[in-house]
Amino acid sequence: MKCAVLGDPIGHSLSPTLHQAAYAELEMADWSYTSTRVQAGGLAKYVADLGGDWPPSRWRGLSVTMPLKREAYELARSMSPRARLVGAVNTLVRSSHGWVGDNTDLPGAVAAIRERAGEGFTCASGAILGAGATAASTGLALAELGASRITLLARNPGAAGETIEMISRHPSKPVVSVLPLDSVVDGVDAVVSTVPAKAQTPELIDRWASTPVVFDVVYDPWPSPLLSVTPGVAVSGLDLLVHQAVLQFELFTGRPAPLEAMRAAGEKALGIMEPSPA
């Protein structure tokens, strides 16, 4: 059976490393996972070229990254409730009635935070640095963890309307607001950074590093400037990547994923010498 990750750019993706490590751990020699560059606007043709017959011609699942997640949403014949909530699909699973869309970013972020902060962690108030698509999915994750107030801090607050609307869809109806990136917000239980490492200025780091839970979706460079100094609970982009890949593996194969083998492969690829704490 064949799976792949699609996006543009795609050469940096660690997804093949994680999934192939899982196949090796479980001795699934007849499974493969590759990466393919698919530019914006090209997803429908790529999927059509895979063939539409059932049983599938060995193709079982596709991981979808930027800039294709909205295209995958439109392509899916059916989809999970969480994909509808996020408004984006990062996972396509072949079925007898077409491609089924799902989103593992949202539950992956929840699992990553709970692993590091503890299963009992709840977040009353959260902040997110950035206001793009990743801010939307991680904002929904904070709402899943109990956040009733979520503040977006954006370089362009005026462009955050779609993200605010998306997070506000959560059944818990959190209050979502937006402020300039350099604003100070008090009483925050968890902060999520979706901005690139080069945007993590000394002032930004000083402002947020002491938050009880600091989650940086960046995993390259390792560690990010923000996570390298935080004294509290640190949640990394690798944590997110591994947990969402675990869920994708299970959707593709129907088998429990070997989380620790997948994490170890990711750590090795990033040059992390010490294993992550349990």
**Q** State, to 0.1 Å, how close Ala21 and Ala265 come at their nearest heavy-atom pair, and which atoms those are.
**A**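 Minimum heavy-atom separation between Ala21 and Ala265: CB-CB, 3.5 Å.
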**Q** Assess, by modelled atom type and distance only, whether the side chains of Asn103 and Ser80 contain a donor and an acceptor separated by less than 3.5 Å.
**A**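 The answer is no; no qualifying pair exists.
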**Q** Taking Thr230 for its side chain and Ala209 for its backbone only, find out whether a donor-acceptor pair lies under 3.5 Å.
**A**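 Checking the backbone N and O of Ala209 against the side chain of Thr230, a donor-acceptor pair under 3.5 Å is found.
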**Q** So, do Leu240 and Val235 sit near enough that their side-chain heavy atoms are less than 4.5 Å apart?
**A**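 In short, these two side chains do not touch, never coming nearer than 4.5 Å.
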**Q** To the nearest 0.5 Å, what is the distance between OG on Ser168 and CG on Leu140?
**A**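 Taking OG in Ser168 and CG in Leu140, the distance rounds to 9.0 Å.
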**Q** Applying salt bridge (Lys or Arg N to Asp or Glu O under 4.0 Å) to Glu165 and Arg169, what does each step give before you reach the verdict?
**A** CA-CA 7 Å; Glu165 191 275 332; Arg169 292 180 195 167; 3.3 Å; yes
**Q** As a test of understanding, state which of Arg263, Glu115, Gln248 forms a side-chain hydrogen bond (donor to acceptor under 3.5 Å, both in side chains) with His243.
**A**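 Looking at Arg263, Glu115, Gln248, the match for His243 under the side-chain hydrogen bond (donor to acceptor under 3.5 Å, both in side chains) is Glu115.
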**Q** Indicate the atoms forming the closest heavy-atom contact of Glu71 with Gly41, along with that distance.
**A**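 Scanning both residues completely, I find the closest heavy atoms to be OE2-N, 2.6 Å.
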**Q** side-chain contact (heavy atoms from CB on, under 4.5 Å) for Ser236 and Leu227? Distances and angles first, verdict last.
**A** CA-CA 8 Å; Ser236 73; Leu227 288 190; 3.8 Å; yes
**Q** Taking it one step at a time, do Val214 and Trp208 satisfy side-chain contact (heavy atoms from CB on, under 4.5 Å)?
**A** CA-CA 8 Å; Val214 179; Trp208 294 106; 6.0 Å; no
**Q** How long is the gap from CG on Leu142 to CD1 on Ile113, to the nearest 0.5 Å?
**A**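 Leu142 atom CG to Ile113 atom CD1 measures 5.5 Å (nearest 0.5 Å).
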**Q** With rounding to the nearest 0.5 Å, note down the distance linking CG in Asp102 to CZ in Phe252.
**A**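 It comes to 9.5 Å.
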**Q** In this structure, which one of Val89, Val86, Leu68 forms a side chain to side chain contact (heavy atoms under 4.5 Å, CB included) with Tyr73?
**A**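 Checked Val89, Val86, Leu68 against Tyr73; only one passes side chain to side chain contact (heavy atoms under 4.5 Å, CB included): Val89.
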**Q** Are Arg207 and Asp182 packed together at the side-chain level, in the sense that at least one heavy-atom pair is separated by less than 4.5 angstrom?
**A**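 Sidechains of Asp182 and Arg207: in contact.
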**Q** For Ile128 and Ala135, work out which heavy atoms get closest and say how close.
**A**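 Closest heavy-atom pair between Ile128 and Ala135: CD1-O, 3.5 Å.
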**Q** May I have the step-by-step check of side-chain contact (heavy atoms from CB on, under 4.5 Å) for Leu92 and Val64, ending in yes or no?
**A** CA-CA 8 Å; Leu92 289 168; Val64 182; 4.1 Å; yes
**Q** Between the side chains of Tyr23 and Thr253, does any donor sit under 3.5 Å from an acceptor?
**A**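 There is no such pair between these side chains.
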**Q** side-chain contact (heavy atoms from CB on, under 4.5 Å) between Val93 and Arg60: does it pass, once the steps are laid out?
**A** CA-CA 6 Å; Val93 184; Arg60 177 58 178 167; 4.0 Å; yes
**Q** Can you name the closest pair of heavy atoms from Tyr33 and Gln20 and give their distance?
**A**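 So the two residues come closest at O-NE2, 2.5 Å.
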**Q** How about Glu162: does its CD atom have over 12 heavy atoms from other parts shown lying under 6.0 Å from it?
**A**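 Count not over threshold, so no.
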**Q** Shortest non-hydrogen contact from Asn90 to Gln244?
**A**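 Minimum heavy-atom separation between Asn90 and Gln244: ND2-OE1, 3.5 Å.
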**Q** Can you tell me how far NZ of Lys45 sits from CG of Leu50, rounded to the nearest 0.5 angstrom?
**A**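 Here the interatomic distance stands at 10.5 Å.
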**Q** For the atom pair CG (Asp186) and OG1 (Thr151), what is the distance rounded to the nearest 0.5 Å?
**A**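 OG1 of Thr151 is found 10.5 Å from CG of Asp186.
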**Q** For Asp189 versus Pro212, what's the shortest heavy-atom pair and its separation?
**A**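 Taking every non-hydrogen atom into account, O-CB, 3.6 Å.
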**Q** Working to the nearest 0.5 Å, report the span between CH2 of Trp59 and SG of Cys3.
**A**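 If I round to the nearest 0.5 Å, the distance is 7.5 Å.
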